[in-house]
2 protein chains.
Amino acid sequence: MTQTPVRPIPKRPLTLRDVSEVSGVSEMTVSRVLRNRGDVSEATREKVLKAARDLGYVPNKIAGALASSRVNLVAVIIPSLSNMVFPEVMTGISEILDDTELQPVVGVTHYKPEREEAVLYEMLSWRPSGVIIAGLEHTEAAKAMLGAAGIPIVEIMDTDGVAIDAVVGISHRRAGRKMAQAIVDAGYKKIGFLGTKMPLDHRARKRFEGFTEALAKAGLEVADQEFYSGGSALAKGREMTETILNRTPDLDFLYYSNDMIGAGGLLYCLDNGIDVPGQIGLAGFNGIEFLDGLPRQLATMDACRVEIGRAAAQIIVDRASDPAAVGKEVVSLDPSLDFGDTLKRIKKV
Amino acid sequence: MTQTPVRPIPKRPLTLRDVSEVSGVSEMTVSRVLRNRGDVSEATREKVLKAARDLGYVPNKIAGALASSRVNLVAVIIPSLSNMVFPEVMTGISEILDDTELQPVVGVTHYKPEREEAVLYEMLSWRPSGVIIAGLEHTEAAKAMLGAAGIPIVEIMDTDGVAIDAVVGISHRRAGRKMAQAIVDAGYKKIGFLGTKMPLDHRARKRFEGFTEALAKAGLEVADQEFYSGGSALAKGREMTETILNRTPDLDFLYYSNDMIGAGGLLYCLDNGIDVPGQIGLAGFNGIEFLDGLPRQLATMDACRVEIGRAAAQIIVDRASDPAAVGKEVVSLDPSLDFGDTLKRIKKV
DNA sequence: AACCGCTATGTTAACGCTAACAGGGCGAAA
DNA sequence: TTTCGCCCTGTTAGCGTTAACATAGCGGTT
């Protein structure tokens, strides 16, 4: 008994026409069935669906998008996927978009402005329904493209600056100030800063600026600092902590620009019998989930990542469904400080 | 002094026609310039480029793709972005694709077969140049779609099973066996297993199968096991380790299905003064970078993630440039065992 | 001067689908 | 029975770009 193959070699890719021929109705009707649009009798609907299924037909969105000038894609442009922060933002975005027709498409810039510009150009050439892009700093050309795209643009993560359209994020300057304030209130005096070398991580820079500003207001300044780039952040955190403590042994607080290096520092201190937070206090930034498993809870500040993703996606969804929506929304979330076990909780006098 | 806006409100989106009118040549010539295809005089080229730049024109790939029936997208379908493993695979893919016209588009399935099917359908409807998809297990419908798509398909991560087209990965069964062998050789006898509850993580399952198989060959079996789902993997690793050791205190080895929970277990043991690897040996799986920063190096097995991404992307690239290429490539990488500090290195007798 | 072979540009017809409108058929109201 | 209106289905005309072919011009040959 020979088994007749259902599809005798798919030479030419399938089109609506193939389905229409098999099911004996017009292409238009097939299109209507496949999109659940317009009235189609139950009998026809089933006939068409069966034909489509039997053939293994997959609609061609390229053609569909061109004809309807509707593209259900949302461009999401972020600096990196290995930072954990961004996958979490993606989670928030997906949560919202999963309930809609819209679909996220991710582009990664590696923190390079020229890559951002290229990725953006590439994305816009697919005519997406909206753009979610990290940060407020872009090349002139990128800003021009975003401004002229005629679609909703949401800049995320950061609210310290001028937005093109909508913004969702936190004030990193304020986050830096808040942390500095807590450190000062707890009575620490000799503070070290450890961060990334990247001059293009504007948000880390802004946190640092807010931090030093608030310290200055309390008559303090950063006593020593140490920067890194590349490599395993956890291991780097260890090394940097060792380095800075050897150089300036009387530091009584270390502020890390992210939780990963902060965690490395914490492990270093514990390994070396340093009393935390008595002898030295520690704090990071981000509130990443994995801190929960450490021997001691690192003080940190939650950057509301999932929430940012959700809010940004919601703006795109709202505007996509109602083109009359005005725009220029500003959602400024408030990062909460978590003292953990590494920052003394002392009431301000 | 009023500043004249360059673009007086971009009502109707720009098309080739707009550029052609401004630059005074035909649409075809503009198209040629913008794609660097065919001979165009230097004078015309510059005129066109200037017009395009001034207008802020961004080509419409939807139309371009339809006309040329060429889409420079590669669909990448993976279970998750929060697993670290997958961002690393993405890194490998990007490394290769960045040198080409091709661009990755990511779809996430959350380990759910029906999501995978839906994501795949969605992706295929954009008629990509190739598909890179994690795993060998798919729904029947998904397999049918992949088989009929008529484009290169590379299934990645796993080589234990039947592939549709090309495969790049490691044998997880073999990886499990190899680890079991090392554990047996080191003289451990009472072995516990800790892993995810997910019945759909086929690769973890295959590792476990290989593991028990090799133990059996040595006359041993898994003495106790513990499973988890959700939550911070590091914290879960701690909890599970505590649970299993309370239940079965005389275990002398713990094999974790991934490094994150393994790291949690390691931290637990260190916190509780358990002698590692003397009293208890530990091992994980994946070789994730962040292990470098831990107080002690967890034994693990490198899953060659970046390498897998590179090889998979290379296959797509090769086939895209040479449609005559036959296909059905099988690239089976060999995971290397890293003893770290938590698995005794004892020569087999 | 007629002709060749270029190079640089233009013209035409898809690509596969959907918006918008145009009927055909049929039951209900008059 | 006629007429209106409602379902359901079909027809036509693009969407913005590119492949393929057509052609204008121009210097160099013979």
Side-chain angles (χ1 to χ4, degrees), chain A residues 10-49 51-52 55 57-72 101 122 124-129 149-150, chain B residues 10-49 51-52 55-73 101 122 124-129 149-150:
Chain A
K11 211 67 263 172
R12 183 185 34 68
L14 293 166
T15 72
L16 270 189
R17 152 152 262 103
D18 297 291
V19 182
S20 90
E21 275 165 7
V22 170
S23 54
V25 297
S26 72
E27 298 174 40
M28 194 60 227
T29 302
V30 176
S31 171
R32 279 195 267 254
V33 170
L34 263 28
R35 288 178 301 143
N36 283 310
R37 198 117 342 152
D39 298 314
V40 180
S41 72
E42 197 48 39
T44 319
R45 153 167 274 103
E46 302 212 329
K47 209 165 41 175
V48 169
L49 285 177
L55 287 170
Y57 173 72
V58 177
N60 185 333
K61 288 217 175 171
I62 306 258
L66 183 60
S68 64
S69 54
R70 233 178 291 120
V71 182
N72 293 322
E101 297 268 75
E122 194 72 17
L124 287 181
S125 74
W126 288 103
R127 301 288 187 268
S129 299
Chain B
K11 213 66 262 172
R12 182 185 35 68
L14 293 166
T15 72
L16 270 188
R17 148 152 266 103
D18 297 290
V19 182
S20 93
E21 275 165 7
V22 171
S23 54
V25 297
S26 72
E27 299 173 40
M28 194 60 227
T29 302
V30 176
S31 171
R32 280 196 266 254
V33 170
L34 265 27
R35 288 178 301 145
N36 285 308
R37 199 121 337 158
D39 298 313
V40 180
S41 72
E42 199 47 41
T44 320
R45 153 167 275 102
E46 302 211 328
K47 208 165 43 178
V48 170
L49 286 177
L55 288 170
Y57 172 73
V58 177
N60 185 333
K61 288 217 176 174
I62 306 259
L66 183 60
S68 64
S69 56
R70 232 178 291 120
V71 182
N72 293 322
L73 297 177
E101 297 268 73
E122 194 73 15
L124 287 181
S125 73
W126 289 102
R127 300 288 188 267
S129 298

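Computed from heavy atoms alone, side chains included, the values below leave out hydrogens, waters and symmetry copies. Throughout, protein chains are lettered first and strands after them, A, B, ... in sequence-line order, and every chain is numbered starting at 1.
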Quiz item: What are the two closest heavy atoms between A:Ala51 and A:Ser23, and how far apart are they?
Solution: CB-CB, 3.8 Å
Quiz item: Going from CD on A:Glu101 to CG on A:Asn72, what distance comes out if it is rounded to the nearest 0.5 angstrom?
Solution: 5.5 Å
Quiz item: Using a cut-off of less than 4.0 Å, is there contact between a side-chain N or O of B:Arg37 and OP1 or OP2 of D:dA19?
Solution: no
Quiz item: With side chains defined as the heavy atoms from C-beta onward, is the minimum distance between B:Asn60 and B:Thr15 less than 4.5 Å?
Solution: no
Quiz prompt | Per-nucleotide protein contact string for nucleotides 7-17 of chain D (B base, S sugar-phosphate only, - none; heavy atom under 4.0 Å) | solution = -SBBB--BBBB
Self-check item: Point-to-point distance, once rounded to the nearest 0.5 Å, from CD of A:Glu27 to CG of A:Asp18
Solution: 9.0 Å
Quiz item: Between A:Val25, A:Leu14, A:Val30, A:Leu49, which is the residue that forms a side-chain contact (heavy atoms from CB on, under 4.5 Å) with A:Val19?
Solution: A:Val30
